[in-house]
Amino acid sequence: MNMTRFKEIQSKGIITKSKLPDANYVINPYTGCEFGCAYCYASFMGRFVDEPIAEWGNYVFVKANAVELARAEIDHLIAQGPEMTVLFSSVTDPYQGAESKYRLTRGILEIFVEKKYPGTVGILTKSALVTRDIDLFKALPKVDVGMTITTTDDAVSRFLEVRATSATRRLRTLKELNEAGLPTYAFVGPLLPHFVYREALLNDLFAAIADTGTREIYVEHMNIARYILERLLQELQREPDEVKQVYINAEQKKHKEKLTSMVGELLEKHGLRLRLGQTIEHKKVGELKGRNPQTAPTKSKTPKLSVE
Ligand code: SF4
C-alpha cells in the first residue's frame, strides 16, 4: 500500500460556492483525501494539483492558510443571510488523519462559533475524529452532522474505503453524536451496487443506522462516470469477473430502479426519513463535459468568496 504524501500550500480562497442540492457553500481545508475510497468521485480534483486520478488517496495538499482565509471571508458569508448552508466538505474529508495534526477544520469552526454564524453548518465525514469537535458543534446556532456509512461489513469498508474509520466504528460514532444531542443524518452514498443481489445486507445497514438513534438518511446511487469506473476496476482487478460486472451494471436503469425500490421499502420498515425525498442520481459524465456537478465553477469575475 502506498503511503500518503503531504504538502502544505497557500490557497486563494476557502469558502466556495456550491451547486450541491443541500449546500450553498462548501469548505475543503485539504485537496486530496488520505482515505482513498475506491469509488470516490473527487479523484478528478487531481487535475488542479497535477496528480493523476490513479494517485487519489496517495497525496494531500494541506491549505495551511485555511483558517486565516476563513477569518477574512466569513463576514461576506454572514451577509448572505441565515438561510445559507455551508458544508464541510464536498471533495475531501474534513476529519481525515491530517486534521489531527493541522486542525484546520477545527480552526475554521472556531471562527464560525466566535462570529455566531447564523446559517447552518453541515458536516460530512467518515471519521471518528469528528467527536473531537462536539463542543464546537454544540456552540453553533445551527448544525447538521452527517456520517457516511455504506455497509455494516468492516471487510467491505476496508477494501473500498481504504483508510477511513471502519464501518462499525462509524456507527458507534454516529451513536455518540446522537447521545450528545446533535442533529445527525447518515449518508448512504454510494448505495453499493451489490445490495441489489443481497437485500438482507441493505436491511442490516438501515437497521444499524436506525439503532444509532439517527432518523434521517441521504441515499445516493453510485456515480459510475468513466474516470471513476476505471479507477474502481483497477482496485477490483483481483476480484472475480462477476464482482466487476456488478459495478459495471450499476449504471443500468433496471439496476437503479430495483435499488430505489428496495430503499423505499426499508425506509418505512426502519422508521427512517429520506432527505430530499428521493435516492439521488448523478448525471452521466458525457452530459457534464468532464465536470462534476457538485463543483462546476460558477462565472463570477470578482468573487468575494472563492469559486473552485
Ligand atoms: S472520504 Fe470522501 S473525499 Fe475522502 S476518499 Fe472517501 S469518498 Fe473521497
Side-chain angles (χ1 to χ4, degrees), residues 1-6 14 16 18 20 22-23 26-49 51-63 66 87-100 102 104-105 122-131 145-151 153-154 156-171 173-174 185-193 218-225 227-232 234-236 247 250 280 282 285 292-295 308:
M1 187 184 295
N2 289 324
M3 293 294 291
T4 306
R5 294 171 270 121
F6 297 91
I14 197 68
T16 306
S18 155
L20 282 166
D22 54 356
V26 292
I27 294 182
N28 291 290
Y30 307 92
T31 297
C33 181
E34 64 195 275
F35 288 165
C37 304
Y39 52 67
C40 182
Y41 75 86
S43 56
F44 76 96
M45 287 299 290
R47 76 171 72 144
F48 300 110
V49 286
E51 292 282 357
I53 281 174
E55 275 299 294
W56 184 253
N58 296 332
Y59 63 85
V60 174
F61 287 79
V62 177
K63 298 178 185 174
L87 173 71
F88 295 66
S89 296
S90 59
V91 287
T92 190
D93 195 299
Y95 289 102
Q96 61 185 293
E99 174 61 19
S100 300
Y102 291 101
L104 299 180
T105 298
I123 302 289
L124 182 59
T125 183
K126 282 189 181 120
S127 172
L129 181 61
V130 67
T131 56
V145 187
M147 179 64 71
T148 303
I149 306 172
T150 60
T151 174
D153 185 337
D154 285 344
V156 172
S157 79
R158 186 52 61 240
F159 180 64
L160 287 176
E161 299 157 341
V162 187
R163 287 176 285 266
T165 297
S166 70
T168 48
R169 180 73 186 88
R170 270 181 256 161
L171 283 161
T173 303
L174 190 55
Y185 68 98
F187 180 69
V188 180
L191 187 54
L192 296 179
Y218 185 119
V219 185
E220 188 172 271
H221 283 294
M222 181 168 273
N223 180 350
I224 210 80
Y227 74 98
I228 299 173
L229 186 61
E230 280 171 9
R231 181 165 168 262
L232 196 49
Q234 190 66 26
E235 300 293 329
L236 295 172
Y247 284 84
I280 303 301
H282 285 264
V285 73
N292 190 291
Q294 301 182 346
T295 50
E308 282 179 346

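Please read all numbers here as calculations on a predicted model, not as lab measurements. For ligands, and for the atoms within them, numbers begin at 1 and follow the listed sequence.
If you look at A42 next to ligand 1, there are no close heavy atoms at all, none under 4.0 Å.
Residue W56 places a heavy atom less than 4.0 Å from ligand 1. Heavy atoms of G36 come nearer than 4.0 angstrom to ligand 1 in at least one pair. For the ligand labelled ligand 1, residue E161 lies outside the 4.0 Å heavy-atom shell.
Close approach to T92 involves these atoms of ligand 1, each under 4.0 Å from a residue heavy atom: 3 (S). The distance from ligand 1 to the heavy atoms of K126 drops below 4.0 Å at these ligand atoms: 1 (S), 2 (Fe), 6 (Fe), 7 (S). Per-residue contacts place F35 under 4.0 angstrom from the following atoms of ligand 1 (heavy atoms of the residue considered): 1 (S).
Within the 4.5 Å cutoff, the side chain of V188 has no heavy atoms near those of the I149 side chain. With a 4.5 Å cut-off on side-chain heavy atoms, C33 and C40 do not count as touching. With a 4.5 Å cut-off on side-chain heavy atoms, Q96 and L129 do not count as touching.
The residues R231 and E55 are annotated as not salt-bridged, no charged nitrogen and carboxylate oxygen being separated by less than 4.0 angstrom.
Donor-acceptor pairing under 3.5 Å is lacking for the side chains of T4 and N58.
Between the side chain of N28 and the backbone N or O of V91 there is at least one donor-acceptor pair closer than 3.5 Å.
Annotation: atom 4 (Fe) of ligand 1 to nearest protein heavy atom, C33 SG, 2.3 Å. Scanning the protein for heavy atoms near atom 6 (Fe) of ligand 1, the closest one is C37 SG, 2.3 Å. In terms of protein heavy-atom proximity, atom 8 (Fe) of ligand 1 is nearest to C40 SG, 2.3 Å.
Rounded to the nearest 0.5 Å, atoms OG1 (T148) and OH (Y218) are 10.5 Å apart.
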